[in-house]
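Comments concern the structure below.
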Amino acid sequence: MPRPRKPASPFRYFNSSPEVIRLVVMMYVRFPLSLRNVEDLLFERGIDISHETVRMWWNRFGPMFAGDIRRQRRSAMRGFRHWRWHLDEMYVKLNGEMVYLWRAVDQEGEILESFVTRARDKDAALRFMKRALKHHSAPYAITTDGLRSYRAAMNELGNTAKQEVGRWVNNRVENSHLPFRRRERAMLRFRRMKSLQKFASVHANIHNHFNLERHLVDRQTFKERRSAALAEWQSFAS
DNA sequence: CAGCCCATACCGGTAGCGCT
DNA sequence: AGCGCTACCGGTATGGGCTG
């Protein structure tokens with residue numbers, strides 16, 4: 001009988017410890033810092049890495065960490081009966097061209113899905129919704145704006161009954177654009193659909209993980225949650 | 001407004017480290 | 001010991017800010 005082999009650690013070839021790599025990825029994705037900003041900040045604390053290393057690490061480990069966060073969220077929401085999704089699109093500039101970033105956000109402000117397309121039509125809406133439904137269990141209701149592509153896509157999926165069109169009752173979902181816009185600005189620009197797609201989805205998941213709504217809870221509670229979020233962060237991809 | 005300057009992300013190539 | 005892979009370097013394209 002073959003001896004059960006321990007899966008190789010994704011950190012095995014890297015010169016730096018998993019702790020440092022996790023710190024770097026968190027700094028770069030979570031805050032509006034450039035690759036070089038991260039390099040310089042770490043240098044001040046005695047860690048010597050190149051900005052290119054920062055780029056490589058977020059590309060390699062960002063999706064892994066994001067996947068861990070998403071899986072956690074998915075199992076926490078399994079069986080939840082009053083899950084409501086809000087669908088929305090925003091413009092993002094990509095090499096001078098405008099593309100669309102579709103997003104599904106739930107009633108708690110968690111960003112469930114990010115999807116980049118060149119067109120804003122039924123086909124794009126359909127692909128976006130199928131992807132969201134693949135990654136999460138189906139919600140109780142879906143709210144959209146008046147864009148007709150949503151209705152057409154819902155007809156195709158056969159779940160029109162769940163759709164509610166209207167202005168959203170709160171601005172929570174619109175607010176979730178802000179962190180991405182701030183981050184987008186620090187990156188100067190996106191060049192390829194693939195890296196925009198990757199960044200949008202990694203950013204959304206990491207934002208969810210560290211979004212502790214500090215204004216809604218007392219300081220003690222906030223500090224406990226923050227410690228918990230950091231401790232969990234240090235366990236990802238291990 | 002035009003032209004210049006600077007900071008940035010991204011890419012190909014490769015030395016040599018570190019894993020098996 | 002052999003080789004897969006990381007980390008880094010030099011180069012390029014490009015957008016925003018600045019100056020006049």
Side-chain angles (χ1 to χ4, degrees), chain A residues 1-70 89-103 111 113-120 124 128 131 174-210 233-238:
Chain A
M1 198 163 138
R3 203 168 57 176
R5 193 113 79 92
K6 214 166 89 180
S9 160
F11 300 99
R12 80 198 128 147
Y13 280 112
F14 291 79
N15 295 339
S16 305
S17 68
E19 288 71 28
V20 168
I21 292 176
R22 291 190 181 103
L23 175 65
V24 165
V25 175
M26 180 184 78
M27 286 172 80
Y28 182 66
V29 177
R30 192 178 161 202
F31 303 107
L33 302 169
S34 68
L35 298 169
R36 288 157 175 84
N37 289 158
V38 175
E39 169 180 343
D40 291 348
L41 280 169
L42 286 169
F43 184 75
E44 287 176 20
R45 310 298 297 178
I47 299 171
D48 187 6
I49 53 167
S50 134
H51 62 277
E52 279 293 272
T53 304
V54 179
R55 190 167 71 88
M56 173 159 200
W57 287 355
W58 94 256
N59 265 286
R60 171 67 63 85
F61 292 99
M64 284 189 209
F65 300 154
D68 282 355
I69 294 169
R70 198 178 59 212
E89 337 82 53
M90 66 195 277
Y91 286 106
V92 182
K93 212 165 155 187
L94 176 79
N95 252 347
E97 175 194 7
M98 291 308 243
V99 298
Y100 300 94
L101 173 57
W102 304 72
R103 318 217 301 164
I111 304 160
E113 190 66 47
S114 311
F115 191 59
V116 182
T117 65
R118 289 191 191 280
R120 188 173 63 168
F128 163 59
R131 204 171 134 105
E174 291 289 352
N175 281 347
S176 77
H177 292 344
L178 294 177
F180 183 83
R181 287 295 187 204
R182 277 199 295 270
R183 196 62 194 74
E184 180 191 19
R185 177 157 182 74
M187 303 199 67
L188 290 197
R189 70 187 176 283
F190 294 103
R191 289 203 191 164
R192 318 179 82 95
M193 290 279 276
K194 206 175 148 193
S195 61
L196 169 56
Q197 173 66 63
K198 185 189 271 191
F199 187 83
S201 119
V202 169
H203 179 267
N205 280 291
I206 291 182
H207 178 262
N208 289 346
H209 184 74
F210 288 105
W233 177 255
Q234 282 298 339
S235 75
F236 289 144
S238 55

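All heavy atoms count here, side chains included; hydrogens, waters and symmetry mates do not. Letters A, B, ... are given to chains in the order of the sequence lines, protein chains preceding strands, and every chain is numbered from 1.
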Rounded to whole Å, the CG-P distance (A:D48 to C:dA7) equals 12 Å
Phosphate OP1/OP2 of C:dA7: any A:W57 side-chain N/O under 4.0 Å: yes
Taken to the nearest 0.5 Å, the spacing of A:N205 CG from A:F236 CZ works out to 9.5 Å
A:N37 CG to B:dA9 C1', in whole Å, measures 13 Å
Here the distance between atom P of B:dC10 and atom CZ of A:F199, to the nearest Å, is 10 Å
What does the list of N/O pairs under 3.5 Å between the protein and nucleotides 12-19 of chain B look like, with a distance for each?
{"residue": "B:dG18", "atom": "OP1", "partner": "A:N15", "partner atom": "OD1", "Å": "3.4"}
{"residue": "B:dC19", "atom": "OP1", "partner": "A:R12", "partner atom": "O", "Å": "3.0"}

Residues pairing under salt bridge (Lys or Arg N to Asp or Glu O under 4.0 Å) where one sits in residues 31-44 of chain A, two or more places apart or in two chains, turn out to be none
Looking at A:S50, does any N or O in its side chain come under 4.0 Å of the phosphate oxygens OP1/OP2 on C:dA7?
no
Validate the cation-pi geometry between A:R103 and A:F115: distance from NZ or CZ to the six-membered ring centre under 6.0 Å, angle to the ring axis within 45°.
no
Separation of B:dT8 atom C1' from A:D40 atom CG, nearest Å, is 13 Å
With no hydrogens and no angle check, is any side-chain donor or acceptor of A:R118 less than 3.5 Å from a backbone partner on A:V99?
no
Here the distance between atom C1' of C:dC9 and atom CD1 of A:I49, to the nearest Å, is 16 Å
The reported gap from CZ in A:F199 to CG in A:N59 (rounded to nearest 0.5 angstrom) is 10.5 Å
May I ask you to check whether A:W102 and A:S114 show a side-chain donor-acceptor distance below 3.5 Å? no
Rounded to whole Å, the NZ-P distance (A:K194 to B:dA9) equals 19 Å
Atom CE of A:M56 and atom C1' of C:dC5 are separated, to the nearest Å, by 7 Å
Whole-Å distance, A:N59 CG to C:dA7 P, equals 13 Å
